[in-house]
Amino acid sequence: VFLTVSFAAFSFSLFAQTPKNTPRTSLTLEYGAHRIGKRTDQMMETWRNYGLGQFIHWGVYALTGGHWDGEYYSGAAEWIRSWDKMPKDAYDQLYKSFDPKNYEPKAWAKQAKEMGAKYMIITTKHHDGFSLWPSKYTDYDVTNSPYGNDIIGPLVEAYDAEGIDVYLYFSVMDWSQPGYRVSLETEEDRTAYEDFKAFTRNQLIELLELYPSAKGLWFDGTWDEAWKEQAVFADELEKEMRAMIPGLIIGSRFRPDDYGNRHFDSNGDLMGDYEQGWERKLPNTYEDTKGNDWDAVMTVPENQWGYHSDWRGHVKSSYELIEMLVKSVSLDGNFVLNFGPDGQGNIRSEEAKLAKEIGDWMKVNQKAIYSCGYLNWQKQDWGYYTQSREDGKIYMVVFNQPLDGKLRVKTADKVILDKVYPLENPGMILTPELIQKNEYFIPVIMDQKWTSPYVIVVESSSTDEDKNGGFQKAK
Ligand SMILES: C[C@@H]1O/C(=N\OC(=O)Nc2ccccc2)[C@@H](O)[C@H](O)[C@@H]1O
């Protein structure tokens with residue numbers, strides 16, 4: 001008996017699964033997430049309701065156009081300095097040719113307005129360290145280029161004037177700085193890195209002092225081991241910056257926690273105000289978002305942020321980008337489309353065309369985007385649902401019209417459809433055909449051959465199922 005029992009106990013212990021929903025091991029973290037759940041203040045509500053943003057990657061790398069000495073660089077153009085065929089001293093002299101005669105911040109801002117962007121993220125300094133603003137802390141900045149003037153200031157003013165909120169991209173990784181380190185192996189490393197940390201703080205405080213209308217910072221270049229050891233410094237710096245601009249929005253890519261984890265701390269809780277991990281990719285389900293706020297930043301080609309004169313491989317169409325935008329909003333995220341102006345300050349024609357096409361679609365359908373988010377109805381093949389956070393209206397954004405002309409809709413429980421109509425033609429009332437409880441067919445809008453996604457509005461209300469199984473409107 002003893003052997004049997006002990007064998008049974010032994011085998012059970014081998015195969016026992018931890019029971020479901022056991023609480024995560026909660027480590028005591030000093031520098032992990034400082035907040036569980038979404039921020040609910042007004043500035044974050046405004047951020048959550050943007051829907052569409054514009055990323056701008058601009059710097060001296062744009063002068064190379066992804067080529068050097070007649071050779072094509074297949075990497076991301078803003079990384080060309082890291083290319084073995086790019087002589088580092090040659091790259092580091094490029095700023096002496098930076099004189100963008102065609103830089104017109106007001107035109108950029110107008111174009112972004114036409115596209116329907118509600119916020120814009122500008123690279124104040126990318127990994128190469130060239131600062132596009134007059135910085136007291138480095139000579140490697142725009143004032144020492146032939147252009148000589150501040151790039152960032154006029155851009156902030158132009159976008160503010162168009163009512164587009166400005167966010168400042170800042171790369172912690174800075175190849176130009178003597179104190180920058182990938183990792184801290186020696187005492188010399190550590191001493192040098194202390195100078196680098198002070199420099200980094202100085203530039204960030206300087207940016208917020210110079211451009212106080214900025215609504216947030218979009219950090220990058222924080223993956224190095226050296227930075228991952230700076231939980232204390234990063235936390236103090238983040239607190240200092242947040243104190244300078246109340247409500248400042250900072251994502252998950254800035255701080256490392258006590259164990260060097262970014263984006264999610266060692267307990268799995270989100271660091272910062274929103275998740276910044278969706279870079280050139282989107283979540284597929286609401287579960288993928290973990291119920292957090294998030295943004296997805298997207299390139300037009302597969303992977304070019306800075307200007308590359310020769311885009312190769314797949315270049316996304318406005319149709320694809322509109323679908324990514326709608327999918328992002330349908331999953332409670334913002335979609336940020338990247339622009340890479342060339343070395344003279346021109347917005348390239350492909351991007352101008354996309355801005356126009358997306359803008360034309362937004363002019364007709366923006367109600368399904370702005371201040372909209374996730375709806376817990378079953379996802380259907382014809383497209384995406386969004387729901388207005390303001391008036392609860394539901395939008396069916398149709399990308400794949402069924403051949404039988406019927407859009408299947410399966411609502412959540414205890415919902416009735418009061419009124420269904422095309423966003424573009426509220427007078428055309430569509431009559432749902434009841435399939436079964438909570439399930440309907442909505443007739444598609446067949447009166448024209450659709451070449452771009454269209455939107456159907458659903459006004460619904462919740463009901464309490466009455467005794468005899470019928471439905472009556474809730475009081
Ligand atoms: C927006 C992009 O951000 C970057 N890098 O992003 C990431 O490293 N993204 C990342 C890395 C690991 C996991 C998830 C996202 C930069 O190197 C690039 O030049 C561009 O500025």
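Counting starts at 1 for both ligands and their atoms, in listed order. Values reported hereafter were calculated over all heavy atoms of this structure, with side chains retained and with hydrogens, waters and symmetry mates removed. Note that the coordinates shown come from a computational prediction; the quantities given were computed from them, not determined experimentally.
- The shortest N or O to N or O distance between His57 and ligand 1 is under 3.5 Å.
- The shortest heavy-atom distance from Tyr169 to ligand 1 is under 4.0 Å.
- For ligand 1, the atoms closer than 4.0 angstrom to any heavy atom of His126 are 18 (C), 19 (O), 20 (C), 21 (O).
- Considering Tyr307, Trp68, Trp83 in turn, Trp83 is the only one that fulfils the ring-ring contact (aromatic ring centres under 6.0 Å, His included) rule with Tyr73.
- Taking the six-membered ring for Trp and the full ring otherwise, Trp294 and Tyr274 have centroids separated by 6.0 Å or more.
- Geometric assessment of Lys379 against the ring of Tyr384 yields a positive cation-pi assignment under the 6.0 Å and 45° thresholds.
- Contact annotation: the side chain of Leu354 never approaches that of Phe339 to less than 4.5 Å [non-hydrogen atoms, C-beta and beyond].
- With hydrogens left out, the protein atom closest to atom 19 (O) of ligand 1 is Glu78 OE2, 2.7 Å, a heavy atom.
- Nearest to atom 14 (C) of ligand 1 among the protein's heavy atoms is Gly277 O, 3.7 Å.
- Partner of Phe130 under the ring-ring contact (aromatic ring centres under 6.0 Å, His included) criterion, chosen from Phe98, Tyr147, Tyr61, Trp175: Phe98.
- A donor-acceptor pair is defined here as one N or O able to donate and one able to accept, closer than 3.5 Å; such a pair exists between the side chain of Glu78 and the backbone of Trp305.
- Distances between N or O atoms of Trp305 and those of ligand 1 include no value under 3.5 Å.
- Between the side chains of Glu185 and Ser183, at least one donor N or O sits under 3.5 Å from an acceptor N or O.
- For ligand 1, the polar-atom distance check against Asp220 finds a nitrogen or oxygen pair separated by under 3.5 Å.
- Using a 4.0 Å threshold on non-hydrogen atoms, atom 4 (C) of ligand 1 counts as touching the protein.
- Applying the 4.0 Å criterion to heavy atoms of Trp79 picks out, from ligand 1, the atoms 16 (C), 17 (O), 18 (C), 19 (O).
- Contact annotation: Ala76 has no heavy atom less than 4.0 Å from any atom of ligand 1.
- Counting only heavy atoms, the protein never gets under 4.0 Å from atom 12 (C) of ligand 1.
- In this structure, His126 has its ring center no closer than 6.0 Å to that of Trp218.
- Annotation: His127 places an N or O atom under 3.5 Å from an N or O atom of ligand 1; distance criterion only.
- Under 4.0 Å from ligand 1, the heavy atoms of Arg253 that appear belong solely to its side chain.
- The closest side-chain heavy-atom distance from His314 to Glu320 is below 4.5 Å.
- For atom 9 (N) of ligand 1, the nearest protein heavy atom (residue, atom name, distance) is Glu279 OE1, 2.4 Å.
- Protein heavy atom in closest approach to atom 8 (O) of ligand 1: Trp223 CZ3, 3.2 Å.
- Exactly one residue among Trp47, Tyr159, Tyr50 makes a side chain to side chain donor-acceptor pair (under 3.5 Å) with Asp165. That residue is Tyr50.
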